[in-house]
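Have a look at the structure below, then the notes.
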Amino acid sequence: MARRPLRIVLAEDSALLREGLVGILERAGHEVVASATDADELVAAVRADPPDVVITDVRMPPGHSDEGLRAAAAIREEQPALPILVLSQYVADAYLPALMDSAGTAGIGYLLKDRVGRVADFLASLDQVVDGQTVVDPEVVRQLLARRSDDGPLAALTAREREVLALMAEGRTNGSIAEALFVSDAAVRKHVGSIFAKLELGDDHDRRVSAVLTYLRG
């Protein structure tokens, strides 16, 4: 199925990666309407001509710490319906709460830059973010799962429920989770329902996203 063409603002200070991303996106039928090399340029570009989605690096000049992430949060304060996909070189879970707690209800994604080399996966993740989903790189999910302690809101979940929740954090559907775990769709629905109940997520929430955010904050 053909992807919907997107107008994209891209922020990446590495010229090589930036041009590579532009090439990937344009070959997929999208338009990069502005390319920023620092956080101030990113914010200015979005204000001047709001795109369909923003793709930004976490670490940007001048400090090369979390400038891109802070710019993304500032953009979401001004434009809460704007989807944002963040790229990071390393698994830096210190950045995740700020990203996931940013204002707005539009899609949010956090991918490692290695994912860009898997073009189909990268473009699929971009589509999911634009569709309003929360998408986290599978490697980030795996490392976070390995670091989780036995206390906190996830303590009540069984090992299988944690597996299901980790796959939900990757942006997978129930059908995809069932395939990955070699179980039925009905079994996945049962696990998902149990996760919602144990995390006390009421009907007034987007419970799937809320469950993922609880997992990431774990």
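Hydrogens, waters and symmetry mates play no part in the numbers below; they use all other heavy atoms, side chains included.
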Verify side chain to side chain contact (heavy atoms under 4.5 Å, CB included) between Asn174 and Met168, making sure each step is shown before the conclusion. CA-CA 8 Å; Asn174 283 1; Met168 288 168 59; 5.6 Å; no
Locate the shortest heavy-atom distance separating His30 from Leu6; write the atom from each residue and the value. ND1-N, 3.0 Å
Of all heavy-atom pairs between Gly29 and Pro5, which one has the smallest distance, and what is that distance? O-CB, 3.5 Å
Could you list the residues that satisfy side chain to side chain contact (heavy atoms under 4.5 Å, CB included) with Asp40, not counting sequence neighbours? Asp38
Which residues pass the side-chain hydrogen bond (donor to acceptor under 3.5 Å, both in side chains) test with Asp121, not counting sequence neighbours? Arg115
Interatomic distance, CG@Leu199 vs CG@Leu157, rounded to 0.5 Å, equals 5.0 Å
Taking Val164's backbone N and O only, do any of them form a donor-acceptor pair with His191's side chain (distance below 3.5 Å, no angle check)? no
Over all heavy atoms of both residues, which pair between Val9 and Pro51 is shortest? Give the atoms and the distance, please. CG2-CG, 3.6 Å
Sequence neighbours excluded, which residues qualify as side chain to side chain contact (heavy atoms under 4.5 Å, CB included) partners of Thr173? Ser176
Would you check if the side chain of Arg27 reaches a backbone N or O of Val22 as a donor-acceptor pair within less than 3.5 Å? no
Residue pair Asp13, Arg18: steps toward the salt bridge (Lys or Arg N to Asp or Glu O under 4.0 Å) verdict: CA-CA 7 Å; Asp13 63 306; Arg18 186 172 62 252; over 6 Å; no
Any Arg4 side-chain heavy atom under 4.5 Å of Asp52 side chain: yes
Salt bridge (Lys or Arg N to Asp or Glu O under 4.0 Å): pairs with one or both residues in residues 171-196, sequence neighbours excluded: Glu170-Arg172
Rounded at 0.5 Å granularity, tell me how far CG in Leu16 sits from CG in Leu21. 10.0 Å
Please examine the side chains of Thr37 and Pro61, heavy atoms only from C-beta on, and report whether any two atoms are closer than 4.5 Å. no
Decide side chain to side chain contact (heavy atoms under 4.5 Å, CB included) for Thr134 and Val129; before the verdict, give the C-alpha distance in whole Å, the side-chain angles of both, and the deciding distance to 0.1 Å. CA-CA 6 Å; Thr134 298; Val129 170; over 6 Å; no
Salt bridge (charged side-chain N to carboxylate O under 4.0 Å, His left out) filter on Arg118, not counting sequence neighbours, yields none
Closest heavy-atom pair, Ala34 versus Ala45, reported as atoms and distance to 0.1 Å, is CB-CB, 3.8 Å
Heavy-atom distance under 4.5 Å between the side chains of Val58 and Leu87, does that happen here? no
Glu161: which residues meet the salt bridge (charged side-chain N to carboxylate O under 4.0 Å, His left out) condition with it, sequence neighbours left out? Lys198
Does the side chain of Val86 come within less than 4.5 Å of Val54's, by heavy atoms? no
Take Ile8 and Glu31 through the side chain to side chain contact (heavy atoms under 4.5 Å, CB included) test and state the conclusion after the steps. CA-CA 6 Å; Ile8 300 168; Glu31 179 186 4; over 6 Å; no
Could you tell me if the side chain of Leu165 sits less than 4.5 Å from the side chain of Val192, heavy atoms only? no
Mark yes or no for whether Gln79, through its side chain, and Ile75, through its backbone, hold a donor-acceptor pair below 3.5 Å. no
Set of residues satisfying side-chain hydrogen bond (donor to acceptor under 3.5 Å, both in side chains) with respect to Lys113, sequence neighbours excluded: Glu12, Asp57
Run the side chain to side chain contact (heavy atoms under 4.5 Å, CB included) test against Ala74 and tell me which residues pass, sequence neighbours left out. none
Answer yes or no: is there a side-chain heavy-atom contact under 4.5 Å between Leu111 and Phe122? yes
Set of side-chain hydrogen bond (donor to acceptor under 3.5 Å, both in side chains) partners for Asp131, sequence neighbours left out: none
Any heavy-atom pair between the side chains of Pro50 and Leu82 that's under 4.5 Å? no
When you compare the side chain of Leu25 with that of Ile55, does any pair of heavy atoms fall below 4.5 Å? yes
Can you name the residues that form a side chain to side chain contact (heavy atoms under 4.5 Å, CB included) with Ala11, not counting sequence neighbours? Ala36, Leu42, Thr56, Met60
Residues in side-chain hydrogen bond (donor to acceptor under 3.5 Å, both in side chains) contact with Arg70, at least two apart in sequence or another chain: Asp66
Got a sec, which residues hit salt bridge (charged side-chain N to carboxylate O under 4.0 Å, His left out) with Glu78, two or more places apart in sequence or on another chain? Arg47
Closest heavy-atom pair and its distance - Ala28, Leu123: CB-CD1, 3.7 Å
